[in-house]
Number of protein chains: 2
Amino acid sequence: MATIDPRTRRKQVLRQKILEVSREILLAQGLAGLTMRRVAEAVDYSPAAIYLHFQSREQIAQELCFAGLRQLYERLESVTAEDPASRLSAYARAYLEYAQSDPETYRLIFMADPQLTKAVFAHRDAGGGQAALNLIVTAFTDLHSSLKRTGGKPIEFAELFWASLHGLASLRIACSRALTGDEFRLAQLVTEKITGTEEKSHAKAQRR
Amino acid sequence: MATIDPRTRRKQVLRQKILEVSREILLAQGLAGLTMRRVAEAVDYSPAAIYLHFQSREQIAQELCFAGLRQLYERLESVTAEDPASRLSAYARAYLEYAQSDPETYRLIFMADPQLTKAVFAHRDAGGGQAALNLIVTAFTDLHSSLKRTGGKPIEFAELFWASLHGLASLRIACSRALTGDEFRLAQLVTEKITGTEEKSHAKAQRR
DNA sequence: GTCTATAGGCTGATAGAC
DNA sequence: GTCTATCAGCCTATAGAC
């Protein structure tokens with residue numbers, strides 16, 4: 001498995017470098033600014049050389065999405081709170097922090113191009129998308145069993161939670177003026193509402 | 001005010017027709033497919049003629065956004081329920097129905113291009129964006145006074161409500177597979193959670 | 001007002017020399 | 001592997017004839 005062949009290695013390094021500069025270009029200029037020519041110029045090769053490592057511009061975009069979803073998953077996975085409600089509260093914060101940290105990748109994954117989004121979600125295993133949602137579903141399962149609730153499936157609550165966070169993140173990205181409130185506060189609020197933990201959270205807010 | 005001059009009239013008619021075909025092209029091919037050449041071909045004029053009615057492609061896109069926001073506002077405004085919680089429930093449905101009825105315009109307004117979104121929200125008066133949010137803010141004001149609640153400002157609840165609906169609508173548009181649940185049901189659920197009217201709504205669900 | 005023609009760009013992707 | 005050169009196409013916007 002370990003490829004020590006220097007030639008293969010150099011190729012992998014260049015491939016990685018292409019992805020790195022692509023992410024920088026994406027961040028600075030958006031998807032429309034991500035052109036093969038610009039990528040080539042940034043890694044100091046000719047445009048044709050890029051095609052030795054990636055089949056198309058589309059494939060570069062897809063790999064950026066996968067990398068982004070992995071990062072998002074890592075942020076969620078690093079949450080350690082045991083109490084399910086606290087865990088969901090931390091997920092909310094982590095989710096918005098990710099979107100804020102790399103808004104253009106977030107936009108690429110969810111907003112830029114429906115074809116791309118569909119392709120990315122089609123082979124979910126390649127990214128952390130499904131894994132991330134699973135974390136949230138598990139938290140709601142834990143929450144409901146701890147509260148002995150019966151109404152509503154955890155997957156529904158998880159999707160609702162996710163949609164709310166996505167709404168906050170994407171409105172902020174699309175137009176910072178759209179929301180006058182702080183999205184972290186709004187996320188905390190919606191988490192309380194969906195988990196039904198308003199009373200507890202006031203004490204928690206004091207502790208902070 | 002009434003311009004009966006036939007020349008002016010013909011000009012207005014053509015302008016309107018340009019917007020109509022633009023919306024059709026947008027729906028079929030997305031923003032990238034909306035080019036001056038295609039618009040010109042669809043109205044059977046030369047590309048140059050379009051510039052007599054619109055300064056640029058960007059301006060056409062903006063006017064489509066304004067028209068879309070007006071339509072969204074009309075749908076919300078036609079809601080008549082007096083009880084604030086029921087009104088919000090109906091707003092949720094109307095909002096999702098609008099997004100579903102014209103997904104590419106919805107995408108254009110909120111997802112396609114941050115510059116465009118910012119421009120549209122910058123002169124809000126031109127569209128129904130601010131007016132629509134005001135309806136929701138009013139409903140939350142009514143709700144809170146009827147419930148004699150003190151915690152949280154109505155504008156926060158309104159923005160949260162909006163963001164949740166936008167999250168549902170935009171995830172559905174970006175990737176129909178992303179949400180496994182029915183978004184109307186999820187919207188009903190989040191409305192109940194945010195308004196805190198879960199008990200009532202069960203009775204309501206029966207009545208339907 | 002409407003046309004033709006065109007300036008002046010940009011793009012993704014490939015063929016073929018080295 | 002990497003290059004140069006290029007194909008084949010797209011685009012917005014404008015100048016100037018009619």
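Residue numbering restarts at 1 for every chain, and letters A, B, ... go by the order of the sequence lines.
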### Query
Whole Å only: how far is the CD atom of E58(A) from the P atom of dT11(C)?
17 Å

### Query
Which one, dT4(C), dT2(D), dA13(C), comes nearest to the side chain of A48(B)?
dT4(C)

### Task
Please check if any side-chain donor atom of Y45(B) sits under 3.5 Å from a side-chain acceptor atom of H53(B), or the reverse.
no

### Query
Looking only at heavy atoms, what is the nearest atom pair of L76(B) and Y91(B), with distance?
O-CE2, 3.2 Å

### Task
Starting at atom CD of Q55(A), determine the distance to atom P of dT14(C), rounded to an integer number of angstrom.
9 Å

### Message
How many whole angstroms separate atom OH of Y51(A) from atom C1' of dG16(C)?
### Response
17 Å

### Task
Round to a whole Å and report the spacing from CZ of R37(A) to P of dT11(C).
6 Å

### Query
Of the nucleotides dG1(C), dT2(C), dG12(C), which has the atom closest to the R57(A) side chain?
dG12(C)

### Under 3.5 Å side-chain donor-acceptor pair for Y106(A) and Y95(A)
yes

### Query
With a non-hydrogen cut-off below 4.0 angstrom, is S46(A) in contact with a base, only sugar-phosphate, or nothing?
base

### Query
Across the strands shown, which category fits R7(A) at heavy-atom distances under 4.0 angstrom: base, sugar-phosphate, nothing?
sugar-phosphate

## Note on the structure
Here the distance between atom P of dG1(D) and atom NE2 of H53(A), to the nearest Å, is 8 Å

### Separation of dG1(C) C1' from I18(B) CD1 (nearest whole Å)
12 Å

### Message
I need the CG-P distance between L52(B) and dC3(C), as an integer number of Å.
### Response
9 Å

## Note on the structure
Testing dA13(C), dT2(D), dC11(D) for proximity to the side chain of Y45(A), the answer is dT2(D)

### Ring-ring centroid check F157(A) F161(A), cutoff 6.0 Å
no

### Query
Among the nucleotides dA13(C), dT11(C), dC3(C), which one has an atom lying closest to any side-chain atom of T35(A)?
dT11(C)

### Query
Is A49(B) touching bases, backbone alone, or none of the nucleic acid, heavy atoms closer than 4.0 Å?
sugar-phosphate

